[in-house]
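Down below is the structure, laid out as C-alpha cells.
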Amino acid sequence: MNVFLKTVLSAIFFFVVIYNGYSQQGRAGLSDKQATPEAKKLYQQLTKLIDKGIMFGHQDDMAYGLGWKYEENRSDVKSITGAYPAVHGWDLGHLELGKKQNLDSVPFDKMQNFIKKVHHLGGVNTISWHLDNPVNGKSSWDNSNTVSKIIPGGSHHQIFKVWLDRIASFLGDLKDEKGKLIPVLFRPYHEHTGSWFWWGEDNCSVSDYKQLWRFTVDYLRNEKKLHHLIFVYSTSRFKSEDHYLERYPGDQYVDMVGFDTYVKPKEYDYQSTLTNQLAVLQHVAESHGKLAALTETGYVTIPDAHWWTGTLLPLLAKHKLSYVLVWRNARPNHHYAPFPGHPSVSDFLKFYQDERIIFLDRLNRLKTH
Ligand code: BMA
C-alpha cells in the first residue's frame with residue numbers, strides 16, 4: 001500500500017472513530033456543572049441504558065387506575081405484567097397555588113411518597129408541571145399572552161417567583177433514606193410547539209419562551225441551590241428540525257430532548273409523524289450530546305388490541321431512546337395503559353417481554369451487570 005493510500009485510510013479510520021465517539025447521546029454530561037453525585041450517576045446510567053433498550057413509563061401509575069385509587073402496591077401495569085413501569089410520571093400542577101392536591105386530585109404528600117418509593121425500588125421519576133396562568137388565574141389551557149409578564153421585568157414576575165419557590169420546596173424535600181436528594185427528570189413548559197397552553201408558540205415570542213426556561217433553570221439552580229434536576233425539553237408535534245429547535249434554550253439548560261405526540265387518527269397519521277419526528281429527535285440528541293425520549297404518547301382507550309407490538313414497538317425499535325411514557329389511567333374513556341380485562345392485555349404482555357423494552361424488573365437486572 002502506498003503512503004498516500006495509507007494516510008487517506010487512517011484519516012478515514014480516525015474520522016469514523018472520532019465521529020462515532022462524539023455522536024453518542026448523553027456525551028455532553030449533565031448541563032448543571034454542580035450536579036449532585038446521585039444526579040450524575042442517574043444520568044450515566046441512562047446514557048448506558050440507551051444501548052440496552054427503551055424504558056417504559058406511565059403517568060401516575062402507583063396512584064390510581066381503572067376502578068381503584070391509592071391501594072398499596074397496586075398498579076394497572078403491574079397487575080398485567082407483574083412489573084412496575086421503569087419510569088413514573090407525576091405532575092405538579094396546582095402546587096404553585098399552595099394547594100394540597102394536584103390538578104388531577106393527587107395529594108402532594110402522597111406524590112412525594114410515591115416518588116421516594118419509585119426511587120427506592122430502582123425506578124426513574126419524571127415531573128411535568130401544568131401550572132395555572134399566573135396573570136389571570138386561569139388554567140394552563142389558557143392562551144392569553146402571559147410569558148412576557150412573568151419573566152424578569154414583567155408585571156407578574158414576583159408572584160411567579162413565589163410559585164417557583166413552592167416548586168423548589170417540593171423538589172428539595174425529595175430525599176432518600178440517607179437524606180440524599182432523589183434525582184428527577186424535570187420537564188416544564190412542555191408541548192410548546194402547540195398553542196393550547198399559555199406558554200405555547202402562538203402565545204409568546206421565541207425569546208420570551210427561552211427567557212422563561214432559562215430564568216426557571218437559573219433560579220432553581222442558583223437561588224434555590226437545587227442540583228438534582230435533569231431538565232427535559234419536550235415539544236408537541238413539530239414540522240422540522242428547525243421548528244423543533246426554534247425555542248431550544250441552549251445546551252447549558254437542557255439534558256434530555258423529547259416530544260409528546262398521541263395517536264389522533266382524525267388529525268394526522270401517527271406512524272409517519274412519529275417516523276419523521278423520531279429521526280429528527282435522534283439527530284438533535286446526537287448532535288447536542290443529549291439523551292432522547294418519547295416523553296408522552298399513547299392511544300386513548302387503546303382501541304387497537306395489537307397497538308403495542310403492531311404500531312408502537314416497530315416505531316420505537318428503529319431509534320435510540322431513553323424512555324417512552326404513556327399518560328394516566330384516569331377513567332374508562334381516558335386511559336392510555338391497559339388494565340386487567342382490557343382487549344390489548346395479551347399484546348401488552350408481548351411488549352413487556354420484548355428484549356428492546358425495559359420495565360422496572362429488567363431495569364434492576366441491567367443495572368447490576
Ligand atoms: C391531560 C388530561 C387531563 C389532565 C392533564 C394533566 O392530558 O389527562 O385530564 O388534567 O393531562 O395531567
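This chain uses plain numbering: 1 for the first residue, then up along the sequence. Numbering of ligands and ligand atoms starts at 1, following listing order.
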Between ligand 1 and the protein, which N/O pairs are shorter than 3.5 Å?
from: ligand 1; atom 1: 7 (O); to: W327; atom 2: NE1; distance (Å): 3.3
from: ligand 1; atom 1: 8 (O); to: W327; atom 2: NE1; distance (Å): 3.1
from: ligand 1; atom 1: 8 (O); to: R328; atom 2: NE; distance (Å): 2.8
from: ligand 1; atom 1: 8 (O); to: H334; atom 2: NE2; distance (Å): 2.6
from: ligand 1; atom 1: 9 (O); to: R328; atom 2: NH2; distance (Å): 2.8
from: ligand 1; atom 1: 10 (O); to: D104; atom 2: OD1; distance (Å): 2.5
from: ligand 1; atom 1: 11 (O); to: W327; atom 2: NE1; distance (Å): 3.0
from: ligand 1; atom 1: 12 (O); to: D104; atom 2: OD2; distance (Å): 2.6

Using the test salt bridge (charged side-chain N to carboxylate O under 4.0 Å, His left out), find all partners of R237 that sit at least two apart in sequence or belong to another chain.
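Applying salt bridge (charged side-chain N to carboxylate O under 4.0 Å, His left out) to R237 gives none.
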Sidechain N-carboxylate O distance under 4.0 Å for [X], [Y]:
{"X": "D260", "Y": "R187", "answer": "yes"}
{"X": "D32", "Y": "R221", "answer": "yes"}
{"X": "D91", "Y": "R328", "answer": "no"}

Parallel, tilted or perpendicular: rings of F351 and F348 (30°, 60°)
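Taking F351 first and then F348, their aromatic rings lie parallel (interplane angle under 30°).
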Distance-only polar pair, side chains of W308 and S344, donor-acceptor under 3.5 Å:
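Yes, a side-chain donor-acceptor pair sits under 3.5 Å.
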